[in-house]
Structures are given as structure tokens and as C-alpha cells.
Amino acid sequence: QVQLVESGGGSVQPGGSLRLSCVASEYTSSRTCMAWFRQAPGKEREGVAGICWSGATSYSDSVRGRFTISKGNAKNTLYLQMNSLKPEDTAMYYCAAGGDLRLRSSTFTNWGQGTQVTVSS
């Protein structure tokens with residue numbers, strides 16, 4: 001069972017930036033996709049961005065053009081650069097592995113504990 005640990009969350013003003021990181025406990029295979037999900041209070045978990053080790057990516061419409069997902073040189077790291085943050089981006093952000101670029105949470109088998117992002121003035 002791959003363990004995932006997120007970091008980098010925090011509080012930021014609207015228009016600000018944050019960079020989230022995720023480290024996996026072991027190398028994820030070349031056919032594994034990883035993704036970032038988020039869940040705000042009272043809302044369903046939604047896929048934000050995904051990347052496969054081929055380099056293919058996908059983004060939700062709500063973050064496309066503002067967020068960038070990338071993988072580190074070490075094949076067990078994942079990043080999410082978040083720019084032009086809005087109050088509606090406030091949520092717990094989770095790193096996940098094992099699914100595909102359709103970003104359906106039911107297809108991902110490994111999850112981190114989450115890191116909180118709060119966007120407020």
C-alpha cells in the first residue's frame with residue numbers, strides 16, 4: 001500500500017499563490033496516474049488535476065489556466081502550483097494515486113491525509 005503525504009497548504013489572500021507537494025512512500029509505476037482532489041465543507045470531493053507518468057495531464061474547468069500539476073524528478077513526488085487563488089478554492093486538498101485522467105475519485109486506490117488551503121481576505 002503506497003502511502004502519500006501532502007504538504008504546502010496554508011492561508012493566503014485572494015490572488016495569491018501556493019504550491020502543494022505530495023511524497024509517495026515508494027516509487028509509483030510508470031503506468032500510474034496521480035492526481036489532486038479537493039473537498040470543501042458540505043461539498044463532494046472533486047478532481048482538480050491529474051498527471052500520468054507519460055506526461056499527460058487533465059484539469060477541472062474551475063482551475064484550468066490557474067493551477068499546474070507536475071511531477072518531480074524523483075518518480076515519487078507530485079506538485080500542484082496554484083496561482084490566482086480565489087475564495088472558492090478553499091478546501092482540503094488530497095493527493096491520490098492509482099486512477100486515471102477522468103479524475104473520478106472512485107478509481108483512485110491510494111489517498112493522503114490532506115492539506116488545508118484557505119483563501120480569504
Side-chain angles (χ1 to χ4, degrees):
Q1 183 83 357
V2 176
Q3 294 188 357
L4 305 172
V5 179
E6 305 95 335
S7 62
S11 295
V12 64
Q13 292 187 340
S17 298
L18 283 173
R19 188 192 196 206
L20 304 184
S21 300
C22 173
V23 178
S25 59
E26 60 189 64
Y27 168 77
T28 51
S29 78
S30 61
R31 289 180 289 179
T32 296
C33 299
M34 296 186 72
W36 289 97
F37 286 78
R38 67 186 181 186
Q39 187 167 20
K43 295 188 176 181
E44 293 187 358
R45 188 171 295 188
E46 65 166 330
V48 173
I51 187 167
C52 297
W53 295 121
S54 64
T57 59
S58 66
Y59 294 91
S60 68
D61 290 342
S62 60
V63 308
R64 187 175 292 110
R66 300 188 297 121
F67 291 10
T68 303
I69 191 170
S70 62
K71 48 185 169 69
N73 291 331
K75 293 188 176 181
N76 63 338
T77 57
L78 182 72
Y79 303 104
L80 184 68
Q81 178 66 44
M82 305 186 296
N83 298 328
S84 302
L85 283 161
K86 305 175 181 180
E88 50 264 43
D89 294 318
T90 296
M92 186 71 78
Y93 283 71
Y94 298 91
C95 174
D100 58 44
L101 293 181
R102 291 172 294 178
L103 301 182
R104 294 187 300 193
S105 60
S106 60
T107 65
F108 284 79
T109 55
N110 296 283
W111 293 85
Q113 294 300 306
T115 185
Q116 178 68 37
V117 171
T118 301
V119 184
S120 174
S121 55

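If you're wondering where the values come from, they're calculated on a predicted model, not measured in any experiment. Computation of the quantities below employed the complete heavy-atom set of this structure, encompassing side-chain atoms and omitting hydrogens, waters and symmetry-equivalent molecules.
Salt bridge present: Asp61 and Arg64 bring a charged side-chain N and a carboxylate O closer than 4.0 Å.
Taking each heavy atom of Ser62 and Glu46 in turn, the nearest pair found is OG-OE1, 4.3 Å. Across all non-hydrogen atoms, the minimal contact from Ser17 to Ser84 is OG-N, 4.4 Å. Between Ser121 and Pro14, the shortest heavy-atom distance links the atoms N-CD, 3.7 Å. Between Trp36 and Tyr79 the shortest heavy-atom distance is NE1-O, 3.3 Å. When all heavy atoms are compared, the tightest approach of Leu85 to Leu18 is CD1-N, 3.8 Å.
Atom CD of Glu88 has more than 12 heavy atoms from other residues, nucleotides or ligands within 6.0 Å. Environment of CD in Gln3: sparse, with no more than 12 heavy atoms of neighbouring residues, nucleotides or ligands closer than 6.0 Å.
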Could you walk me through whether Arg38 and Leu80 satisfy the side chain to side chain contact (heavy atoms under 4.5 Å, CB included) test, starting with their C-alpha distance in whole Å, then the side-chain angles of each, then the deciding distance to 0.1 Å, before giving a yes or no?
CA-CA 12 Å; Arg38 67 186 181 186; Leu80 184 68; over 6 Å; no

Given Met34 and Phe108, is the side chain to side chain contact (heavy atoms under 4.5 Å, CB included) satisfied, shown in steps?
CA-CA 8 Å; Met34 296 186 72; Phe108 284 79; 5.7 Å; no

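Summarising the geometry, atom CD belonging to Gln81 is positioned 9.5 Å from atom OG belonging to Ser21; distances are rounded to the nearest 0.5 Å. To the nearest 0.5 Å, the span separating SG on Cys52 from NZ on Lys71 amounts to 10.0 Å.
Side-chain atoms of Thr57 and Leu101, non-hydrogen and from C-beta on, never get closer than 4.5 Å to each other. Between Asp89 and Arg66 the shortest side-chain heavy-atom distance falls below 4.5 Å. Contact check for Thr90 versus Gln116: side-chain heavy atoms found under the 4.5 Å cut-off. Counting only heavy atoms from C-beta outward, the side chains of Val117 and Leu20 approach each other to under 4.5 Å. Using a 4.5 Å cut-off on side-chain heavy atoms (C-beta onward), Ser11 and Ser120 make no contact.
In the hydrophobic cluster analysis, where Ile, Leu, Val, Met, Phe, Trp and Tyr join through side-chain heavy atoms closer than 4.5 angstrom, Trp53 is grouped together with Leu4. Ile69 and Tyr94 fall into different hydrophobic clusters, where Ile, Leu, Val, Met, Phe, Trp and Tyr side chains are chained together by heavy-atom contacts under 4.5 Å. Residues Val23 and Ile51 do not share a hydrophobic cluster, clusters being chains of Ile/Leu/Val/Met/Phe/Trp/Tyr side chains in contact below 4.5 Å. Linking Ile, Leu, Val, Met, Phe, Trp and Tyr residues whenever their side-chain heavy atoms come within less than 4.5 Å leaves Tyr59 and Leu103 in two separate clusters. Grouping the Ile, Leu, Val, Met, Phe, Trp and Tyr side chains by contacts below 4.5 angstrom, directly or via other members, places Val48 apart from Phe37.
In this pair, Phe67 and Tyr93 present their aromatic rings tilted. The plane angle is within the 30 to 60° band.
Between the side chain of Glu6 and the backbone N or O of Cys95, at least one donor-acceptor pair lies under 3.5 Å.
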